[in-house]
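Values in this document were obtained by computation on a predicted structure and should not be read as measured data.
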Amino acid sequence: MKNLVFGFSIIFFVLISSFAHGQNRLLRGMVTTFDSIPLINASVYIKSTKEKVLTDSIGAFKIYCNTPDKIKVTANGFIPRNVKVDENIKFVLVNLKLKSSDDAKEIAIGYGHVKDAEKLSAVEALKSKDVDFSMYKDVYDIIRGRFSGVTVEGNDIIIRGKSSFISSNAALVIVDGMPIPSSTLSSIVPSNIKSINILKDGSASIYGVRGANGVVIIETKRGGD
């Protein structure tokens, strides 16, 4: 009888130890939008433990989780995201996309998710579900015809107008998260585009010197989630 009790005790402590070990795994991460704009007070929810934390003033968070596990990240005005967390992931970067509704920016700013409202307000967005991109001959034609104050000169996209006779005035172009030469935009078929976002003024400053002339962010249907 004593041996049986002792055996159950060992099993019990092993199970408790394993559970505690899983819970002791600290996951760190950051929540952003438009690749680099930090989201403040975004909710990070662990599905296994139902624990929830909010991101801080730079969009960062830390939370204990199991291995493996899942987290759900939400913020008012943004599309929620579910992320799988395996044993190899110690830091996770979650980029939330702004909802396509007309008041999404105002909701996000109103809830204080964006510290500098000008960064989000300076974003112009165009999505395939709102516009039939296939009716345009190329990406340059879309940008030229749909974004006010944005011009195309050769293969360069000019957002703020000419300001220098020496250095380039071309905007930084990012396709599916990767910076590319603007000359390669001609290879993208308009019907394969999911969204185009133009960042100017304060919102483009998050890219530092590279974004000094504004930023064009293109997401293709292949590169999207």
Hey, what do you get for [atom1] ([X]) to [atom2] ([Y]), rounding to the nearest 0.5 Å?
{"X": "Tyr140", "Y": "Ile142", "atom1": "OH", "atom2": "CD1", "answer": "11.5 Å"}
{"X": "Ile193", "Y": "Glu219", "atom1": "CD1", "atom2": "CD", "answer": "11.0 Å"}
{"X": "Ser182", "Y": "Asp156", "atom1": "OG", "atom2": "CG", "answer": "4.5 Å"}
{"X": "Ser48", "Y": "Ile71", "atom1": "OG", "atom2": "CD1", "answer": "11.0 Å"}
{"X": "Asn41", "Y": "His113", "atom1": "CG", "atom2": "NE2", "answer": "7.0 Å"}
{"X": "Leu98", "Y": "Ser195", "atom1": "CG", "atom2": "OG", "answer": "11.0 Å"}

Hydrophobic cluster identity match, [X] and [Y], side-chain contacts under 4.5 Å:
{"X": "Val31", "Y": "Val83", "answer": "yes"}
{"X": "Ile180", "Y": "Ile198", "answer": "yes"}
{"X": "Leu27", "Y": "Met30", "answer": "no"}
{"X": "Tyr45", "Y": "Val85", "answer": "no"}
{"X": "Ile40", "Y": "Ile63", "answer": "no"}

Item to check | Partner set under salt bridge (charged side-chain N to carboxylate O under 4.0 Å, His left out) for Asp56, not counting sequence neighbours | outcome: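 Partners of Asp56 by the salt bridge (charged side-chain N to carboxylate O under 4.0 Å, His left out) criterion come out as none, since no residue qualifies.
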
Do [X] and [Y] touch side chain to side chain, with heavy atoms closer than 4.5 Å?
{"X": "Thr220", "Y": "Val189", "result": "no"}
{"X": "Phe78", "Y": "Lys97", "result": "no"}
{"X": "Leu126", "Y": "Phe147", "result": "yes"}
{"X": "Ile79", "Y": "Arg81", "result": "no"}
{"X": "Ile37", "Y": "Val114", "result": "yes"}

Checklist entry - So Leu199 and Ile217, side chain to side chain contact (heavy atoms under 4.5 Å, CB included) or not? Walk me through it. => result CA-CA 8 Å; Leu199 278 64; Ile217 299 177; 3.8 Å; yes

Looking at every non-hydrogen atom in both residues, tell me the closest pair between [X] and [Y] and how far apart they are.
{"X": "Pro38", "Y": "Gly59", "answer": "CB-N, 4.0 Å"}
{"X": "Leu54", "Y": "Ser43", "answer": "CD2-CA, 3.8 Å"}
{"X": "Tyr136", "Y": "Arg146", "answer": "OH-CD, 2.8 Å"}
{"X": "Ala104", "Y": "Gly77", "answer": "CB-O, 3.7 Å"}

Checklist entry - Among side-chain atoms of Asp138 and Ser186, is any donor-acceptor pair under 3.5 angstrom? => result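 Result is no, nothing qualifies.
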
Checklist entry - So Phe61 and Val73, side chain to side chain contact (heavy atoms under 4.5 Å, CB included) or not? Walk me through it. => result CA-CA 11 Å; Phe61 70 88; Val73 184; 5.7 Å; no

Checklist entry - Checking side chain to side chain contact (heavy atoms under 4.5 Å, CB included) against Lys72, which of Val44, Ile46, Asn82 comes through? => result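 With Lys72 as partner, Val44, Ile46, Asn82 yield a single side chain to side chain contact (heavy atoms under 4.5 Å, CB included), made by Asn82.
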
Next on the checklist: If the test is side chain to side chain contact (heavy atoms under 4.5 Å, CB included), which one of Ile174, Ile157, Ile159 qualifies with Val215?
Outcome noted: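 Result for side chain to side chain contact (heavy atoms under 4.5 Å, CB included) with Val215: Ile174.
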
Item to check | Other cluster members, Ile107 - Ile/Leu/Val/Met/Phe/Trp/Tyr, side-chain contacts below 4.5 Å | outcome: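 Members besides Ile107, by chain and number: Tyr111.
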
Next on the checklist: Applying side chain to side chain contact (heavy atoms under 4.5 Å, CB included) to Val94 and Thr32, what does each step give before you reach the verdict?
Outcome noted: CA-CA 6 Å; Val94 183; Thr32 61; over 6 Å; no

Ignoring hydrogens and angles, tell me if any N or O in the side chain of [X] forms a donor-acceptor pair with the backbone of [Y] under 3.5 Å.
{"X": "Thr55", "Y": "Leu39", "result": "yes"}
{"X": "Asn66", "Y": "Pro68", "result": "no"}
{"X": "Ser128", "Y": "Lys194", "result": "yes"}

Next on the checklist: Please determine whether the number of non-hydrogen atoms from other residues, nucleotides or ligands lying under 6.0 Å from atom NZ of Lys62 exceeds 12.
Outcome noted: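 Atom NZ in Lys62 is not crowded, with 12 or fewer foreign heavy atoms closer than 6.0 Å.
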
Checklist entry - What do the steps show when you test Val173 against Leu185 for side chain to side chain contact (heavy atoms under 4.5 Å, CB included), and what is the final call? => result CA-CA 9 Å; Val173 178; Leu185 286 176; 3.8 Å; yes

